[in-house]
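Have a look at the structure below, then the notes.
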Amino acid sequence: MSNFFSSSIGKKIIMSITGLFLILFLLLHLSINLLLIFSAEAFNTASHFMATNPVLKVMQYVLAAGFIIHITWASLLTLQNQAARPIKYNTNSPARNSTWSSRNMFILGSLIFIFLVIHLSDFFYVMKFGDMAGKSDYELVTSTFKIWYYALIYIVGFVFLGLHLSHSFHSAFQTIGLNNKIWMKRLKVIGTIYLFIVCIGFAIIPLYFLIPELF
Amino acid sequence: MKLKLKIWRQKNRNSKGKFEIYDLDNVSEEMTFLEMLDYLNSKLILEDKEPVAFDSDCREGICGMCGLYINGRTHGPEKEVTTCQLSMKAFKDRSTITVEPWRSKAFPVIKDLVVDRTSFDQLIQAGGYISADTGAAPEANSIIIKKETVDRAFDAGICIGCGACVATCKNASAMLFVGSKVTQLALLPQGKAEATIRAISMVAKMDELGFGNCTNTGACEAECPKGISISNIAKLNREYLYAKIQD
């Protein structure tokens with residue numbers, strides 16, 4: 001396996017594996033978040049379990065590593081790719097041969113990163129290290145979503161996430177070598193279903209708490 | 001047809017280069033794009049001006065020599081057509097056509113619209129062949145290969161090495177070119193024996209030559225004049241991973 005991780009394909013496989021790991025994590029995150037709509041107690045219990053279970057405590061570090069590796073390698077690949085075409089075209093029509101999101105994964109990823117920093121400082125940091133001021137996890141999250149601009153930040157964040165995911169799912173499988181005429185079509189369909197479940201699922205939650213505040 | 005041509009002019013590898021504008025009258029719709037450029041050059045020669053340098057050879061769409069970036073697309077606006085086979089019917093009268101050379105660090109411009117594609121030769125030299133002495137053509141049925149396998153190998157082997165995949169890729173990646181060669185040879189019994197070393201050597205050479213990394217946009221497949229599928233890139237990824245595990 002010498003030089004595997006420094007080769008162009010090795011670097012792409014790292015992006016693919018970490019990406020698929022983050023895709024799985026999003027499903028777990030969504031299923032816990034949806035508890036917010038159904039029961040405060042269930043959400044608080046799940047949140048407490050996530051923060052205290054020893055296996056999940058270790059997984060927090062694995063997750064952080066997943067994010068860091070995905071972002072670092074993306075930056076590295078983007079810099080190399082920029083260098084591969086030092087003189088740009090004067091006239092270019094890339095929209096004729098590829099999707100906007102597939103060409104702008106790094107920009108979308110950077111916007112998601114900004115969202116991630118806001119998100120972590122809003123909830124993760126406060127829950128783990130900050131002063132909860134007697135609030136439960138449920139109260140902290142729902143009181144934030146009742147503020148319209150916070151809810152808007154989250155919904156816009158999910159739009160960026162959706163665009164990023166629209167090129168992620170099938171692309172990750174293409175990179176690890178899973179592409180043939182039948183399976184690529186299936187993977188694109190599964191990826192699209194996943195994208196809508198995740199983005200609509202996440203976006204419903206702030207809307208659920210914000211809309212009653214507006215009327 | 002009356003056309004305004006905006007063409008990249010560059011004296012040599014080291015000069016800066018710039019766009020020149022040419023007005024060209026009486027262009028026939030029956031001409032191919034290269035015949036239109038021939039017509040422009042014949043006028044430039046009569047005017048005692050330097051003709052526009054561009055690559056071409058067979059003019060039948062099979063040699064891979066021609067290749068221009070026309071109005072922001074490799075080989076122009078038509079699907080699965082090389083520049084030499086591109087008809088002037090694809091353009092509107094009184095329109096402006098921008099013509100640029102392939103842009104990539106691995107394809108430096110030599111003169112005007114001509115780029116140096118030695119890097120593709122170097123990729124092939126790194127392993128895009130079989131080292132057995134083949135001798136005369138053997139009897140066709142002496143090695144039995146499944147029809148589906150032959151078709152898949154042919155679909156990959158149809159690559160003409162024009163470089164449109166690199167030129168259109170936003171990362172100037174050569175993955176489709178390498179993928180098609182690795183796939184073609186890995187599928188056939190004659191090439192299987194060296195599949196592992198081939199995948200490793202060709203990828204190492206590709207990285208060394210300064211091509212970008214593939215981000216699966218699919219632009220190469222959409223613009224390839226031979227319609228080669230990016231499933232060949234997935235096959236290359238599989239071959240490479242398998243080779244590295246064995247390495």
Side-chain angles (χ1 to χ4, degrees), chain A residues 1-16 19 73-74 76-106 167-184 187-188, chain B residues 6 8 17 19 69-74 77 96-106 109 166-175 199-200 203-204 206-207 210-223 229-242 244-245 247:
Chain A
M1 292 292 281
S2 59
N3 306 327
F4 176 75
F5 293 112
S6 59
S7 72
S8 56
I9 295 179
K11 278 181 277 192
K12 280 295 299 168
I13 288 176
I14 288 172
M15 288 300 291
S16 160
W73 258 252
L76 195 71
L77 284 162
T78 304
L79 285 173
Q80 284 181 347
N81 292 343
Q82 292 284 325
R85 177 164 294 130
I87 302 169
K88 310 285 176 222
Y89 289 108
N90 176 274
T91 308
N92 205 3
S93 316
R96 305 296 290 269
N97 55 41
S98 51
T99 60
W100 183 87
S101 53
S102 75
R103 297 191 306 274
N104 293 285
M105 288 297 274
F106 188 72
H167 183 65
S168 299
F169 194 83
H170 66 275
S171 178
F173 285 99
Q174 158 82 10
T175 299
I176 51 174
L178 215 156
N179 177 1
N180 60 36
K181 275 179 190 163
I182 303 164
W183 268 98
M184 193 33 66
L187 288 170
K188 280 186 178 172
Chain B
K6 188 178 166 189
W8 182 259
F19 280 100
Y69 214 73
I70 304 162
N71 284 347
R73 307 276 305 274
T74 50
T96 301
I97 304 174
T98 308
V99 192
E100 294 172 79
W102 286 172
R103 295 289 189 198
S104 158
K105 189 182 165 193
V109 174
V166 175
T168 198
C169 173
K170 80 176 188 69
N171 312 318
S173 167
M175 286 280 274
I200 290 175
V203 170
M206 176 175 77
D207 294 348
F211 290 104
N213 305 284
C214 173
T215 52
N216 305 329
T217 67
C220 53
E221 177 183 289
E223 299 288 9
S229 163
I230 57 166
S231 62
N232 292 297
I233 297 178
K235 168 89 172 152
L236 166 67
N237 295 342
R238 285 201 296 278
E239 288 289 329
Y240 184 75
L241 192 57
Y242 180 66
K244 276 291 185 185
I245 290 167
D247 191 20

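Numbers restart at 1 for each chain; the letters A, B, ... are given by sequence-line order, proteins then strands.
When side chains are defined from C-beta on, Arg85(A) does not count as touching Lys105(B), because their heavy atoms never get closer than 4.5 Å. A 4.5 Å side-chain heavy-atom check between Asn216(B) and His170(A) finds every atom pair outside the cut-off. Between Ile9(A) and Leu241(B) there is no side-chain heavy-atom pair separated by less than 4.5 Å. Side-chain contact between Thr215(B) and Asn81(A) is present, with at least one heavy-atom pair separated by less than 4.5 Å.
At a cut-off of 3.5 Å, with distance as the only test, a side-chain donor of Asn92(A) or Tyr69(B) sits close to an acceptor on the other residue. With hydrogens and angles left out, the side-chain atoms of Asn97(A) and Thr168(B) include a donor and acceptor closer than 3.5 Å. Judged purely by distance below 3.5 Å, without hydrogens or angles, the side chains of Lys244(B) and Asn3(A) never pair a donor atom with an acceptor atom.
The greatest number of non-hydrogen atom pairs below 4.5 Å with chain A, out of Ile200(B), Asn71(B), Asn232(B), is found for Asn71(B). Ranking Ile233(B), Asn213(B), Thr217(B) against chain A, the residue ahead of the rest is Asn213(B), based on heavy-atom pairs under 4.5 Å. In terms of non-hydrogen atom pairs under 4.5 Å with chain A, the most contact-rich of Pro101(B), Ala204(B), Ala172(B), Ser104(B) is Ala172(B). No other option in Ala106(B), Pro77(B), Cys169(B), Gly218(B) has as many heavy-atom pairs under 4.5 Å with chain A as Cys169(B).
One distance of note links CG of Asn171(B) with OG1 of Thr78(A); it measures 8.0 Å at 0.5 Å rounding. The distance from atom NZ of Lys12(A) to atom SG of Cys214(B), rounded to the nearest 0.5 Å, is 6.5 Å. Atoms CD and OG, on Glu221(B) and Ser98(A) in that order, are 11.5 Å from each other to the nearest 0.5 Å. Of the inter-residue distances, the one linking Ile87(A) atom CD1 with Trp8(B) atom CH2 reads 6.5 Å to the nearest 0.5 angstrom.
No more than 12 heavy-atom neighbours from other residues, nucleotides or ligands sit within 6.0 angstrom of CD1 on Ile182(A).
With a 4.5 angstrom heavy-atom cutoff, Val109(B) does not touch chain A via any of its atoms. Residue contact with chain A, scored on non-hydrogen atoms closer than 4.5 Å, involves the side chain of Asp207(B) exclusively. Looking at Cys220(B), neither its backbone nor its side chain comes within 4.5 Å of chain A, counting heavy atoms on both sides.
In this structure, Asn237(B) contributes its side chain and Thr175(A) its backbone to a donor-acceptor pair below 3.5 Å. For Gln174(A) (side chain) and Ile230(B) (main-chain N/O), a donor-acceptor pair under 3.5 Å exists by modelled atom type. With Arg103(B) contributing its side chain and Tyr89(A) its backbone, the two residues share no donor-acceptor pair below 3.5 Å.
Residues Arg103(A) and Lys170(B) share a closest heavy-atom pair of O-CE, 3.2 Å. Here the closest non-hydrogen pair linking Ser8(A) and Met206(B) is OG-CE, 3.5 Å. Closest of all the heavy-atom pairs between Ala84(A) and Gly212(B) is CB-N, 3.5 Å. Nearest heavy-atom pair across Gly10(A) and Tyr240(B) is N-CE2, 4.4 Å.
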